[in-house]
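What follows is a short report on a single structure.
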Amino acid sequence: MKHLLARKAAEYIREGSIVGLGSGSTAKAFIEELAKRVREDGLTVTLVSTSVDSELKAAEVGLDKYLAPLWAVDRIDIAVDGADELTRDRLFLKGGGGAMFREKVVDYRASTLIIIAESHKLVDRIPARHPIPIEVLPAAWRLVADDIVKRWGGKAVLRVCQCGGKLGPLVTDNGNYILDWAPPGPIDPALEDELRGIPGVIESGIFSKRRDAVVLLADERGVFEL
Ligand code: 5RP
């Protein structure tokens with residue numbers, strides 16, 4: 001299903017486009033399908049990545065010569081990214097893979113944003129099944145977690161990983177930590193800005209400002225636009 005979505009999204013890419021590469025397994029499927037289009041249709045593109053992981057994937061499938069650093073481009077024509085949860089009115093929850101900071105930098109600037117997701121990710125309210133990821137300054141993680149829980153309730157935990165054989169905080173591509181916050185109920189989209197008002201918060205996985213995104217979903221019957 002991820003490849004069906006990815007193939008459909010790859011059809012949107014035009015000759016000469018500056019393309020934002022999202023992160024996660026669905027975005028990786030898109031990178032593979034884009035590589036096929038570049039190979040088979042002789043398409044020339046410029047690629048900016050939202051994570052080291054996606055950059056490595058692009059290099060692995062032969063797209064390395066098209067990669068550019070973010071600072072080298074003056075626009076992003078189209079970005080293709082995944083999501084962990086999404087609602088019908090295009091509120092997105094992202095950051096399951098911890099890449100939401102650069103994803104937001106790229107996705108919010110793209111002239112066209114395409115979100116590709118399997119249909120089970122469509123939910124009535126956010127969060128439904130996942131906590132809200134919040135990227136924080138490492139030294140401030142404890143204070144930020146306390147502030148959030150005091151103000152809105154719920155539970156906020158530091159994301160840890162077994163990295164290099166040692167259990168410790170997961171460090172993002174930007175050198176920060178991630179809090180996973182389970183609020184007591186559905187969130188208001190205004191929380192996206194309110195969270196950023198807490199000193200020590202860098203960015204969250206709440207994406208409420210791309211209501212114009214093209215959303216492609218897939219189920220066993222195929223791909224359809226939301
Ligand atoms: C990574 C993300 C991903 O887009 C999100 O987690 C979806 O990933 P997947 O396609 O693997 O389900 O936001 O930070």
Side-chain angles (χ1 to χ4, degrees), residues 1-10 19-34 47-58 60-61 70 76 78-87 90-110 112-123 126-136 157-161 163 169-182 187 189 191-192 195 201-210 213-219 223 226:
M1 257 189 249
K2 288 181 186 180
H3 275 273
L4 286 181
L5 284 163
R7 213 165 297 145
K8 188 76 195 159
V19 184
L21 302 177
S23 296
S25 55
T26 322
K28 275 187 187 167
F30 167 72
I31 295 169
E32 286 178 7
E33 294 298 332
L34 180 60
L47 306 174
V48 288
S49 181
T50 57
S51 63
V52 172
D53 207 32
S54 290
E55 208 166 314
L56 291 173
K57 181 70 196 178
E60 180 195 310
V61 297
L70 205 43
I76 298 161
I78 183 165
V80 179
D81 207 346
D84 298 305
E85 296 181 2
L86 61 125
T87 64
R90 291 166 171 72
L91 175 61
F92 305 108
L93 182 62
K94 294 182 47 54
M100 66 279 184
F101 183 19
R102 275 170 64 181
E103 286 173 340
K104 201 173 280 187
V105 169
V106 169
D107 293 358
Y108 273 19
R109 280 189 176 78
T112 302
L113 172 63
I114 301 185
I115 295 290
I116 48 177
E118 288 153 283
S119 63
H120 66 83
K121 292 180 172 180
L122 182 63
V123 295
I126 277 178
R129 293 183 284 263
H130 296 80
I132 296 174
I134 302 168
E135 182 156 349
V136 294
V157 296
L158 183 65
R159 193 180 292 187
V160 292
C161 69
C163 308
L170 180 114
V171 179
T172 69
D173 287 351
N174 317 302
N176 300 311
Y177 290 175
I178 291 181
L179 292 175
D180 283 312
W181 173 45
I187 56 142
L191 193 64
E192 178 175 2
L195 279 171
V201 168
I202 291 158
E203 195 46 89
S204 78
I206 303 168
F207 284 50
S208 70
K209 299 175 197 234
R210 284 307 306 249
V214 175
V215 177
L216 301 177
L217 298 176
D219 62 17
V223 176
L226 184 66

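Indexing begins at 1, ligand by ligand and atom by atom, following the structure's order. Atom set for the values below is all heavy atoms of this structure, side chains included, hydrogens, waters and symmetry mates excluded.
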Inter-residue atom distance [X].[atom1] - [Y].[atom2], 0.5 Å rounding:
X: Leu70; Y: Thr50; atom1: CG; atom2: OG1; answer: 9.5 Å
X: Ser49; Y: Ile31; atom1: OG; atom2: CD1; answer: 6.0 Å
X: Leu113; Y: Lys209; atom1: CG; atom2: NZ; answer: 15.0 Å

Within ligand 1, which atoms have a heavy atom of [X] less than 4.0 Å away?
X: Glu103; value: 1 (C), 2 (C), 3 (C), 4 (O), 13 (O), 14 (O)
X: Asp81; value: 4 (O)
X: Gly24; value: 8 (O), 11 (O)
X: Asp84; value: 5 (C), 6 (O), 7 (C)
X: Gly96; value: 6 (O), 14 (O)
X: Lys94; value: 2 (C), 3 (C), 4 (O), 13 (O)
X: Thr26; value: 9 (P), 10 (O)
X: Gly95; value: 2 (C), 13 (O), 14 (O)

Any nitrogen or oxygen of Lys2 lying under 3.5 Å from a nitrogen or oxygen in ligand 1? Just yes or no.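 N/O-N/O distance under 3.5 Å: no.
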List the closest protein heavy-atom neighbour of [atom]: residue, atom name, distance to the nearest 0.1 Å.
atom: atom 14 (O) of ligand 1; result: Ala99 N, 3.0 Å
atom: atom 3 (C) of ligand 1; result: Ser23 O, 3.2 Å
atom: atom 12 (O) of ligand 1; result: Lys121 NZ, 2.6 Å
atom: atom 11 (O) of ligand 1; result: Ser25 OG, 2.5 Å

pair Ile202-Asn174: side-chain heavy atoms closer than 4.5 Å: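 Side chain of Ile202 against side chain of Asn174, heavy atoms only: no contact under 4.5 Å found.
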Hey, is NZ on Lys121 packed in by over 12 heavy atoms from elsewhere, all under 6.0 Å?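 Counting other residues, nucleotides and ligands, NZ of Lys121 exceeds 12 neighbours.
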Check this for me: Arg109, atom CZ, are more than 12 non-hydrogen atoms of other residues, nucleotides or ligands nearer than 6.0 Å?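 It does not: Arg109 CZ has 12 such atoms or fewer within range.
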With a 4.0 Å cut-off on heavy atoms, is Gly98 in contact with ligand 1?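 It does, in that a heavy atom of Gly98 comes within the 4.0 Å cut-off of ligand 1.
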Contact between ligand 1 and Glu118 is defined here as a heavy atom of the residue under 4.0 Å from a ligand atom; is it met?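 Contact absent.
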Salt bridge between Asp81 and Lys94, side-chain N to carboxylate O under 4.0 Å?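 Here Asp81 pairs with Lys94 in a salt bridge, since their nearest N and O are under 4.0 Å apart.
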When you check the gap from the basic side-chain N to the acidic O, do Glu33 and Lys8 get nearer than 4.0 Å?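 No salt bridge links Glu33 with Lys8.
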Quick one: list whatever passes salt bridge (charged side-chain N to carboxylate O under 4.0 Å, His left out) with Glu135, sequence neighbours left out.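 Listed in chain order: nothing, the list is empty.
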Only counting residues at least two apart or in another chain, list the ones meeting salt bridge (charged side-chain N to carboxylate O under 4.0 Å, His left out) with Arg90.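 So Arg90 forms no salt bridge (charged side-chain N to carboxylate O under 4.0 Å, His left out) with any residue.
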Hey, is Ala83 touching ligand 1 through its side chain, its backbone, both or neither, going by heavy atoms under 4.0 Å?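 Only the backbone of Ala83 comes within reach of ligand 1.
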